[in-house]
Amino acid sequence: MTDIKKAKFQIGQVVSHRIFPFRGVIFDVDPEFDNSEEWYQAIPEDIRPSKDQPFYHLLAENEETEYIAYVSEQNLVPDDSGEPVRHPQIAEFFNKTADGRYEPKNSGVH
């Protein structure tokens with residue numbers, strides 16, 4: 001977690017995907033792409049993001065289900081809906097504050 005300061009979004013922030021209909025809470029950040037080449041190649045070439053940008057791990061949800069997502073910074077936008085995220089693992093990672101934000105439980109843990 002060396003260069004997180006340059007990341008546009010923060011751990012605990014609720015974001016939405018710019019193209020696909022899902023949203024989630026960020027629980028980890030990679031300063032640049034850190035997943036398998038197979039995963040990367042599975043992204044359609046016309047929307048495949050650059051590897052040299054922050055990538056975010058999300059406790060994500062769409063209308064049907066909850067899951068873990070790995071998303072490039074360029075494909076995220078802030079979610080200002082104020083709606084809670086229903087992912088079942090939220091309580092493992094975060095405390096919900098009175099104003100509806102998600103605060104990491106162990107801020108020293110990556």
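This structure is a prediction, so every number in the text was calculated from the model and none was measured. We use all heavy atoms of the structure for the numbers below, so side chains are in, but hydrogens, waters and symmetry mates are not.
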Correct closest heavy-atom pair for Ser16 and Asp79 would be OG-OD2, 2.9 Å
Nearest heavy-atom approach of Pro49 to Phe55 is CG-CZ, 4.0 Å
Rounded to the nearest 0.5 Å, the CZ atom of Arg101 sits from the NZ atom of Lys96 at a distance of 11.5 Å
Here the gap from Asn75 atom CG to Ile47 atom CD1, rounded to the nearest 0.5 Å, amounts to 7.0 Å
I would like to know whether Leu76 and Phe9 meet side chain to side chain contact (heavy atoms under 4.5 Å, CB included); could you show each step before the answer? CA-CA 9 Å; Leu76 291 175; Phe9 304 108; 3.6 Å; yes
Kindly indicate, with the supporting measurements, whether the criterion side chain to side chain contact (heavy atoms under 4.5 Å, CB included) is fulfilled by Gln10 and Ile26. CA-CA 7 Å; Gln10 305 300 311; Ile26 296 168; over 6 Å; no
Cationic N near anionic O, under 4.0 Å, Glu37 to Lys51:
yes
Are more than 12 heavy atoms, taken from residues, nucleotides or ligands other than Glu38, located less than 6.0 Å from that residue's CD atom? no
Discussion item. So does Pro54 get a backbone contact from the side chain of Lys6, meaning a donor-acceptor N/O pair under 3.5 Å?
Written reply: no
Closest non-hydrogen contact found for Val29 with Ala7 is CG1-CB, 4.1 Å
Worksheet entry | Whether Asp30 side chain and Phe33 backbone form a donor-acceptor pair below 3.5 Å | no
When every non-hydrogen atom of Arg23 is compared with those of Pro84, the smallest separation belongs to NH1-O, 3.3 Å
* According to the interplanar angle, ranging from 0 to 90°, do the rings of Tyr102 and Phe94 count as parallel (below 30°), tilted (30 to 60°) or perpendicular (above 60°)? -> perpendicular
The side-chain hydrogen bond (donor to acceptor under 3.5 Å, both in side chains) partners of Glu63 (sequence neighbours excluded) come to none
Check your understanding: Should Leu59 and Val77 be regarded as members of a common hydrophobic cluster, given that ILVMFWY residues are connected when their side-chain heavy atoms come within less than 4.5 Å of each other, either directly or indirectly?
Key -> no
Could you label the plane-to-plane angle of the Phe93 and Phe27 rings as parallel, tilted or perpendicular, counting under 30° as parallel and over 60° as perpendicular?
-> tilted
Checking Val25, Leu58, Asp80 against Val14 for side-chain contact (heavy atoms from CB on, under 4.5 Å), the one that qualifies is Val25
Looking at Tyr70 and Asp34, would you say the former's side chain and the latter's main chain have a donor-acceptor pair under 3.5 Å? yes
Side chain to side chain donor-acceptor pair (under 3.5 Å) pairs touching residues 83-95, sequence neighbours excluded, are Glu66-Arg86
- Message: Please evaluate residues Arg18 and Gln74 with respect to the criterion side-chain hydrogen bond (donor to acceptor under 3.5 Å, both in side chains), reporting the C-alpha separation (whole Å), side-chain torsions for both, the decisive distance (0.1 Å), and the verdict.
- Response: CA-CA 8 Å; Arg18 191 174 57 82; Gln74 75 185 57; over 6 Å; no
